[in-house]
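This report concerns only the one structure given below.
Numbers for residues simply follow the sequence, beginning at 1.
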Amino acid sequence: MPKYRQTYTLFRRGKFFYYRTYTADGVRTTARSTGCTSLTAARLYCDRLFKEGKLLASAGRTFRDYAAGFFDRDSVYAKDNGLSPRSIAIYSTALEKDLLPMLGNRMLTDITHTSVKSLRQLLLDEGLSPSTVRLKMAALHIILKSAYLDGIISRDPFDKLRNLKGSMRHRDAFSLAEVQFLYRASSPGMKETLLLLALTGMRISELAGVSPANVKETGGTRYIRLEQQFIDGAFAPLKTKRPRDIPLSSLLVPLVDGERRNLRKTLRRELDPQIKKISGWKERLLCPHSLRHFFISSAKAYGINYLKVEAIAGHSLKGMQEVYTSFHTADLADIISWQEWALSRITGA
């Protein structure tokens with residue numbers, strides 16, 4: 001006859017007896033005091049909790065109780081961390097589509113290191129890519145770390161969790177010849193947009209938030225003072241939360257001639273069909289964002305310091321937060337030189 005396993009275990013800690021329950025994974029949960037000084041009284045206390053259906057519930061709140069609405073636009077977390085509308089949409093989708101259905105009824109204290117690993121493997125077994133699983137697990141980690149900091153759970157279940165194996169696919173950059181092809185195939189308005197994206201390294205949402213008023217001049221050199229992006233129909237802080245200056249050749253200044261609020265839809269309608277004519281576009285993950293990659297790879301190949309290129313593109317660089325984020329004429333001269341070199345080759349002028 002199989003041995004019956006109790007739903008809890010008891011042990012003495014100092015003067016009082018404590019109990020632990022077990023998760024669905026067979027992992028013990030955080031110890032809680034019975035308030036009893038004798039083993040017999042502690043057993044009676046736990047048995048009473050069990051009969052009343054409170055033994056597991058007494059361990060705390062369910063994941064659903066704590067996580068519901070965690071990433072809403074008006075939530076404390078979203079406001080405190082300045083989440084962009086896109087980040088809110090991504091995290092909220094992961095929460096509603098996967099995390100709540102799978103973990104909603106679990107007590108927070110029952111979500112353990114083993115639980116997290118099991119959930120991650122389950123998502124992989126469903127055919128999701130490693131990068132997609134990483135994103136969903138990132139949302140879960142944010143919630144559980146918050147519960148840990150709130151004192152609801154005694155340990156972050158992600159502590160010492162090994163990184164998920166499996167490389168992420170990287171989006172390729174357009175070559176100079178491919179940018180030339182796209183330029184020739186584009187309408188006049190799209191030509192201007194293409195040049196601005198390819199020669200400034202701005203993200204699509206960043207260019208969508210730029211107007212002629214953002215073009216400044218210091219010491220005879222023009223630049224774009226980039227302070228916000230336009231995404232999901234509203235202005236939002238930049239991804240790095242820090243304004244930055246983007247050098248602008250005098251030949252590019254006339255292209256910043258208006259607002260491009262519907263830029264993403266325009267690119268999808270006009271540029272995507274031309275990109276699909278490039279051999280291997282799908283395998284290389286080519287898309288309008290690859291124009292930004294062209295800026296980064298081509299400017300570096302031209303000989304511009306890679307730290308300067310990355311900072312102007314808006315990448316977060318440790319130890320470089322204050323470098324090239326404010327306008328200095330001498331620092332930007334080589335970028336402008338590259339812009340004029342690339343512009344002449346792309347347009348043939």
Side-chain angles (χ1 to χ4, degrees), residues 171-204 206-208 210-212 214-226 244-260 263 266-267 270-281 284 286-315 324 327-349:
R171 195 176 304 283
D172 203 357
F174 289 120
S175 67
L176 178 59
E178 289 166 344
V179 177
Q180 290 171 332
F181 162 75
L182 293 174
Y183 179 82
R184 290 193 298 266
S186 296
S187 65
M190 182 52 62
K191 279 182 167 67
E192 295 181 355
T193 296
L194 183 148
L195 290 174
L196 285 173
L197 289 172
L199 300 181
T200 66
M202 284 188 287
R203 298 175 175 87
I204 294 170
E206 292 173 343
L207 179 56
V210 168
S211 71
N214 295 112
V215 178
K216 311 295 181 181
E217 181 177 349
T218 299
T221 301
R222 307 282 184 87
Y223 59 98
I224 293 174
R225 180 61 173 173
L226 195 62
R244 68 183 192 275
D245 297 328
I246 299 177
L248 206 61
S249 163
S250 60
L251 299 174
L252 296 177
V253 172
L255 306 187
V256 188
D257 56 358
E259 298 178 344
R260 294 176 166 85
L263 180 56
T266 303
L267 290 169
E270 297 187 29
L271 196 61
D272 279 0
Q274 302 305 325
I275 292 174
K276 292 178 181 179
K277 295 178 182 178
I278 297 175
S279 177
W281 72 273
R284 295 167 58 196
L286 294 178
C287 72
H289 189 73
S290 299
L291 291 167
R292 172 176 163 82
H293 291 208
F294 167 79
F295 166 83
I296 295 170
S297 61
S298 181
K300 289 178 182 177
Y302 188 77
I304 298 173
N305 183 291
Y306 78 96
L307 289 174
K308 184 187 297 188
V309 175
E310 297 282 347
I312 289 174
H315 287 167
Y324 308 122
F327 178 74
H328 301 287
T329 304
D331 291 334
L332 306 181
D334 52 354
I335 290 285
I336 292 175
S337 175
W338 169 79
Q339 286 179 338
E340 294 176 349
W341 173 86
L343 180 63
S344 67
R345 280 153 181 77
I346 293 171
T347 64

Would you be so kind as to tabulate the donor-acceptor pairs closer than 3.5 Å made by side chains of residues 247-259, with sequence neighbours excluded?
unit_1 : atom_1 : unit_2 : atom_2 : d
Ser249 : OG     : Leu251 : N      : 3.1
Ser249 : OG     : Glu340 : OE2    : 3.1
Glu259 : OE2    : Arg261 : NH2    : 3.2

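- The closest side-chain heavy-atom distance from Phe294 to Glu178 is not below 4.5 Å.
- Sorted by first and then second residue, the side-chain hydrogen bond (donor to acceptor under 3.5 Å, both in side chains) pairs with a member in residues 188-198 read Thr193-Arg260; sequence neighbours excluded.
- Between Arg171 and Cys287, the closest side-chain pair of non-hydrogen atoms falls below 4.5 Å.
- Between Asp272 and Leu267 the shortest side-chain heavy-atom distance does not fall below 4.5 Å.
- To the nearest 0.5 Å, the span separating CG on Asn214 from CG on Leu207 amounts to 10.5 Å.
- Counting only distance, with no hydrogens or angles, the side chain of Gln180 and the backbone of Arg345 share a donor-acceptor pair below 3.5 Å.
- Between Asp245 and Thr218 the shortest side-chain heavy-atom distance does not fall below 4.5 Å.
- Arg284 places a side-chain N or O within donor-acceptor distance of the main-chain N or O of Ala173, the cut-off being under 3.5 Å.
- Atom CG in Leu197 sits 8.5 Å away from atom CE in Met190 (nearest 0.5 Å).
- Judged by distance alone, with hydrogens and angles left aside, the side-chain atoms of Gln274 form no donor-acceptor pair with the main-chain N or O of Leu182 at under 3.5 Å.
- Note that CZ of Arg184 is 11.0 Å distant from CD1 of Ile346, once rounded to the nearest 0.5 Å.
- Side-chain atoms of Arg292 do not come within 3.5 Å of backbone N or O of Met202 as any donor-acceptor pair.
- A donor-acceptor pair is defined here as one N or O able to donate and one able to accept, closer than 3.5 Å; such a pair exists between the side chain of Arg244 and the backbone of Ile312.
- Remark: of the listed residues Ile275, Leu271, Ile204, Leu271 is the sole one forming a side chain to side chain contact (heavy atoms under 4.5 Å, CB included) with Leu291.
- Under the ring pair (Phe, Tyr, Trp, His ring centres under 6.0 Å) criterion, Phe295 pairs with Trp338, not counting sequence neighbours.
- Inter-residue side-chain proximity for Leu286 and Asp172 is flagged as met; some heavy-atom pair is nearer than 4.5 Å.
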